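Just below is one structure, and these are the notes that go with it.
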Amino acid sequence: MRGRFITFEGGEGSGKSTQAQLLARVLAEDGTDLILTREPGGSAGAEEIRKLIVEGEPGRWNVEAEMLLFMAARSDHIAKLILPALENGRWVICDRFIDSSVVYQGIVRGYGMGMVQHLNISMFSHALPDLTLVFDIDHEVGLARAKERGAGHMSRFDKFGPDFHARIRDAYREIAATDPNRCVVVDAGRGLKEIHDDVMNIVAKRFFR
Ligand code: TYD
């Protein structure tokens with residue numbers, strides 16, 4: 001049987017990466033054969049493309065170039081890592097995936113949500129997630145949390161400013177509302193344990209009951 005594919009989405013400082021790691025650990029301890037991966041990156045080629053994307057000045061790439069770099073990285077990631085794992089019955093947990101492009105390039109950077117969705121679907125319909133957890137947090141709180149990680153961790157995208165982050169939150173909510181069969185919104189303004197319990201319940205309800 002093909003493995004399950006779960007993606008974690010949300011703005012900066014939403015805690016999704018920590019929660020993805022926690023879920024992966026608990027499922028693995030329970031005997032689920034899985035991989036934990038991330039975008040941009042995940043495969044050797046995609047990690048090289050990641051460096052081009054996240055390093056440097058905010059204006060380094062125009063929107064089209066940036067979007068195509070993300071898509072190129074995703075294509076490699078799917079072909080080399082995600083699909084082989086799913087086809088071998090392994091679960092895949094991925095920190096950011098197609099919705100990050102729809103939000104960041106489509107809505108926030110202005111390429112158009114419909115256009116990015118169209119590209120995602122036409123190229124990656126063979127590797128769409130079974131479940132997407134959308135981490136929803138007040139953008140000011142999220143930004144403050146991201147800053148706590150320290151300036152050394154600030155990526156090109158962390159530097160875009162507060163307006164950018166408010167739009168990210170709205171955009172994610174819009175995606176979740178339009179695709180309720182795949183997406184579940186998680187209130188990320190709570191404590192680690194509460195959020196983890198919520199995530200476990202959502203996953204159990206979807207795949208184990
Ligand atoms: P990263 O440091 O991985 O961010 P985070 O810890 O928040 O996941 O940096 C990746 C950045 O790339 C992040 O700001 C979101 C952005 N991004 C896009 O703009 N488009 C995409 O398709 C993806 C996958 C990420």
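Remember, it's a predicted structure, so these values are computed and weren't measured experimentally. Read the numbers this way: they start at 1 and go in the same order the structure lists the ligands and their atoms.
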Backbone, side chain, both or neither: what part of Q105 comes under 4.0 angstrom of ligand 1, heavy atoms only? side chain

Do you know the tightest heavy-atom contact between G41 and E47? CA-OE2, 3.4 Å

Polar side chain donor-acceptor pair, [X] to [Y], under 3.5 angstrom:
{"X": "S100", "Y": "E9", "answer": "yes"}
{"X": "R74", "Y": "N120", "answer": "yes"}
{"X": "R167", "Y": "Y104", "answer": "no"}

Greater than 12 external heavy atoms within 6.0 Å of M123's CE: yes

Got an N/O contact under 3.5 Å between Y104 and ligand 1? no

Proximal atoms of ligand 1 relative to [X] (non-hydrogen, under 4.0 Å):
{"X": "K16", "value": "5 (P), 7 (O), 8 (O)"}
{"X": "R74", "value": "22 (O), 24 (C)"}
{"X": "E39", "value": "24 (C)"}
{"X": "S100", "value": "20 (N), 21 (C), 22 (O), 23 (C), 24 (C), 25 (C)"}
{"X": "P40", "value": "10 (C), 24 (C), 25 (C)"}

Any heavy atom of E66 sitting closer than 4.0 Å to ligand 1? no

Contact with ligand 1 for R50, non-hydrogen, under 4.0 angstrom: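 Yes, R50 has heavy atoms under 4.0 Å from ligand 1.
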
Please work out which of F164, F70, F8 has its closest non-hydrogen atom nearest to atom 23 (C) of ligand 1.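 It is F70 that holds the nearest heavy atom.
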
Ring center gap for F5 and F97 short of 6.0 angstrom: yes

If hydrophobic clusters are built from ILVMFWY residues whose side chains come within less than 4.5 Å, do I82 and L34 share one?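 No; tracing contacts between hydrophobic side chains, which count when under 4.5 Å, never links both residues.
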
